[in-house]
Amino acid sequence: MTKPRLATLAIIVAALAVIAFAGLSGALLNLMIFMMIIALAAQGWNILGGYAGLSSFGHAAFFGAGAYAMAVLQTRFGVNAWIALVIGIALGALVGAFIGFLSFRSGLKGSYFALITLAFAEVARILANSWNFTGGAAGILLKLQTGLPYLQFADRRYFLLITIGCVAIGLVVSWWLEHSRFGAYLVALRENEQAAQALGVDVFAVKMKAIAISGALTAAAGCLYAQNYLFIDANVAFGSWISIEALFAAIVGGSGTVLGPLIGAIVLLGLGELTKGLSGGIPGMDLLVFGIILVLSVAFSPNGLVMLMKSLGLRAPAKAKEA
Amino acid sequence: MYSPQIVVEALLNGLMLGAIYALIALGLTLIYGVLHIVNFAHGALLTVAMFMVWLVCARYGLDPYLAILVVAPLMFALGYGLQRFIIGPASHGKDNGILLVTLGLSIIIENALLAAFQSDTRTITTDYSFRVVELGPLLLSFPRVVGFGVTIATTILLWLVLHQTDIGKAIRAVAKEKLGASLVGISVPHVYAMTFAIGCACLAVAAGLLMPSFYVSPKTGAAFVLVAFTIVVLGGMGSIPGALIGGLLIGVVEAASSLFLGDSLGQIGIFLIFIVTLLVRPTGLFGARA
Amino acid sequence: MLEVKSLTKRFSGLVAVDQASLSVAKGSITGLIGPNGAGKTTLFAMIAGFLQPDGGSVSYEGRDITALAPHVRARAGIARTFQIVQPFEGLNVQENIAVGAYLHTPDASEAMRQAADIAKRVGLGADLTKGSSDLTVAGRKRLEVARALATQPKLLLLDEVLAGLNPSEIRDVLPLVRDIRDQGVTILMIEHIMQAVMNLCDTVYVLSQGRMIAQGEPKTVCEDPQVIEAYLGHGAAERLRAEQAHA
Ligand SMILES: Nc1ncnc2c1ncn2[C@@H]1O[C@H](COP(=O)(O)OP(=O)(O)OP(=O)(O)O)[C@@H](O)[C@H]1O
Ligand SMILES: [Mg+2]
């Protein structure tokens, strides 16, 4: 099938980095950081929901695990930000393994899996909201201290670069999936679990790996979120908004593709800002547009924007030849 | 730590709130049983129904219970249209497609309401909102007693519709054997849409029963959706008696856990039941279908 | 090589397989025949680990494998095809086969190369980039076999790979099956088409209503009155005779 080359990915990442230093206004810089964070969360969702076909409605569980690890470790234990980042990512993988172990042992998939992930995220949200250790309902405020060791920068372009770097890692992970045995196994079990088993695929183990990687990537997004906004509470970190945006970006962009989540995040959030601007700040208009785009893309472009662009791109020369 | 009377009262009130939960779950389980789809927009549609009830009452001074008679046909029509013209065609009949389309719809509805009504909560006060019914030494909330009664009546009505009317028979035929039903000339898309419509009409009844003692905001339905799913899963996806009993059970559990754990942690009880049921017995207490 | 001892499987009241035993010698082609609904596919599913038996045991190369998961059995060298073909719809022919090849190599280009070789061997060499849904019935059956072969099995379970093929397609596949055996793969095959059974099998087992009612060389089994009896109810006796005359 149509797989992007590593060189293409390198060009895209380089282009993002160039844009970062092209003199964006503060607001645009912030938007771009947010786009990269959502893209990263969506890349995580895509490993499980796109490649393995296990749609999760609860990726907030991983995002929140990362965000809270980042906040709690730094504020309560004085852990260095970079180490907190690594622990946060590992925690995301661990939470993934926990949810995965329970769900996949019982053979949950389809809507059952979507619902149970949602329930796990909600349980996490309620717990974080009522537990003093996690700051309860008041949330956690991170200390402002700029400098490389603190993973905070006076010049926000450097933080943007870090988020771009993480997205680049996400791209490489997806690229690797499309060129590896593990990725082939993921797609095989998405398409037909029984047939995959017959060919010697340990579907439980493969799913466990997938949810751990997926959780790690989305947790990384949560870590960056906490570090960027320097404040989190249960509704931000474990709220359904992030489960939804991760899923939307991946599906609208093209689930099960390397570039889908990135393209989806840029398009969705770009459109969201546009509608916010046009509607004069009426609440909910951006999400309203997201919802409409999701329904339209499921209806008319089930393979996402990536494939839509490809098929348009392929059709155009064909027409030219006919003429 | 609580006197037995308080505990019993709380549990009974929970039981009666559970009846309204059951009514919400009834629509969901009916739709699942026939269409075999998980309607993620169910909570958002409940919000729509509650706003309709609120509008009818606030604008025209109608009693919320009477408003059901106005809102139910509207919700019926809305449900029919949604399934027939949006969910059905847009999802291409794929499970994942349906899940995503109904998720998209729920977000559209929720945020359209947010844009139209802002995030304020709205209530209707009636002179019976805080009235209590005395049952021996126990004090029960009047709106909940009414809710309990109407739920039972609605369930019986639904049973009669399913077993005594032509459309009911068609619905049951499609649920059992879609292909066979279409071969004998039943229009499956029509039956699907009718089922969805009936499910939405149930929501109108639930909305009318909730409004005298509850509030509505664009996010209200979202709070109910996992509860409704818990009930449906607990009772067995597609099982109507299961939904009824599951609803009552969840009402009691919620009352007990918020009595003993406090309101915010109390909700956890429901989610844990949901998770454990899915993990241990995904066919539910009454469902036979895997 | 494979030893099945009094396997039993019940589906809520119905006894699909009833104390059936069979054994497959290394290097042989063994047939399993029987009327529709006899329980053949169910027996296969238990041998490959997709269904847990209610009684009895399966041993393979002298080891009891009754409790092992399907993928473990596949790794031990047991491959099966599905009567109702189960391709990976989103993948093309070569990628489908590569999933099987990955069992013995983690390397993507090596797996794809092996997949192309196997595709050529089963006659799908020209269809590598076709989607599995674009194949003909015969093509999909070949794909089933190719995927199983890609796992480099020692024991291959074929479930009605000839059903739905026209006579000329059948004539093309017969040498393929023999060729696979000649490469050292032991074969156990379910087949309705007697021409093929007579042609290929060294030993035949007959399953009827879950019970193993006969076994032996194809010729003798076909003349067994009990076997003809079992088929008669389904009008298969005539078919059988007609096909024999044909062959
Ligand atoms: N999962 C199942 N649940 C219930 N009954 C089943 C199941 N699988 C098979 N059966 C029943 O078990 C019996 C044996 O089925 P099986 O598919 O093994 O027969 P078969 O010999 O392969 O037939 P055919 O020649 O038609 O392929 C049949 O009556 C079938 O209806
Ligand atoms: Mg069979």
Side-chain angles (χ1 to χ4, degrees), chain A residues 1-3 5-6 46 49-55 104-105 107 172-210 251 254-258 260 302-304 306-307 310-311 314, chain C residues 44-45 47-51 68-92 94-112 115 129 131-133 140 143-144 146-153 156-157 159:
Chain A
M1 285 235 267
T2 41
K3 296 171 181 173
R5 273 184 261 154
L6 267 185
N46 191 39
Y51 287 100
L54 291 156
S55 290
F104 302 145
R105 269 271 157 246
V172 172
V173 170
S174 303
W175 180 89
W176 165 73
L177 280 186
E178 296 205 341
H179 294 83
S180 71
R181 165 160 78 180
F182 177 65
Y185 278 179
L186 280 187
V187 176
L189 73 86
R190 172 185 79 199
E191 298 292 328
N192 192 324
E193 203 169 314
Q194 213 181 28
Q197 277 178 310
L199 300 176
V201 180
D202 183 349
V203 292
F204 179 76
V206 172
K207 285 179 186 174
M208 285 296 287
K209 274 185 216 156
I251 289 179
S255 71
T257 65
V258 173
N303 297 321
V306 173
M307 291 300 165
K310 278 213 175 101
S311 57
L314 287 180
Chain C
F44 256 37
I47 296 173
F50 286 83
L51 284 175
L68 297 184
H71 69 269
V72 181
R73 300 190 202 200
R75 287 172 188 182
I78 302 180
R80 75 172 290 195
T81 66
F82 292 92
Q83 179 175 1
I84 300 162
V85 293
Q86 316 235 334
F88 304 120
E89 301 277 358
L91 300 181
N92 68 28
Q94 191 177 12
E95 290 164 337
N96 258 278
I97 304 172
V99 175
Y102 276 124
L103 191 60
H104 294 288
T105 171
D107 182 65
S109 49
E110 172 62 16
M112 290 298 266
T129 55
S132 53
S133 41
R140 287 186 205 202
L143 180 58
E144 277 290 318
R147 261 189 347 199
L149 274 183
T151 66
Q152 303 175 10
L156 181 59
L157 308 173
D159 195 347

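A, B, ... follow the sequence lines: proteins, then strands. Residue 1 opens every chain.
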| task | Select one option (side chain, backbone, both, neither) describing which atoms of C/Pro87 are under 4.5 Å from chain A's heavy atoms. | result | backbone
| For the atom pair CD (A/Glu193) and CD (C/Gln86), what is the distance rounded to the nearest 0.5 Å? | 11.5 Å
| Exercise: identify the closest heavy-atom pair between C/Leu103 and A/Arg181 | O-NH1, 4.2 Å
| task | Specify which of A/Val187, A/Leu189, A/Asn192 makes the most heavy-atom pairs with chain C at under 4.5 Å. | result | A/Asn192
| said: Can you tell me which portion of C/Ala48 sits under 4.5 Å from chain A's heavy atoms? Options are side chain, backbone, both or neither. | reply: neither
| When only pairs under 4.5 Å are counted, which of C/Pro70, C/Pro106, C/Gly100 shares the most heavy-atom pairs with chain A? | C/Pro106
| query | Relative to chain A, which segment of C/Thr105 carries a heavy atom at a distance below 4.5 Å: side chain, backbone, both, or neither? | reply | backbone
| field | Closest heavy-atom pair and its distance - C/Phe82, A/Gln194 | value | CE2-OE1, 3.6 Å
| query | Which pair of heavy atoms, one from A/Leu199 and one from C/Phe88, lies closest together, and at what distance? | reply | CD1-CE1, 3.9 Å
| request: For C/His71 and A/Val201, work out which heavy atoms get closest and say how close. | output: CB-O, 3.3 Å
| note | Note: A/Ala198 and C/Ala74 closest approach over all heavy atoms is O-CB, 3.5 Å
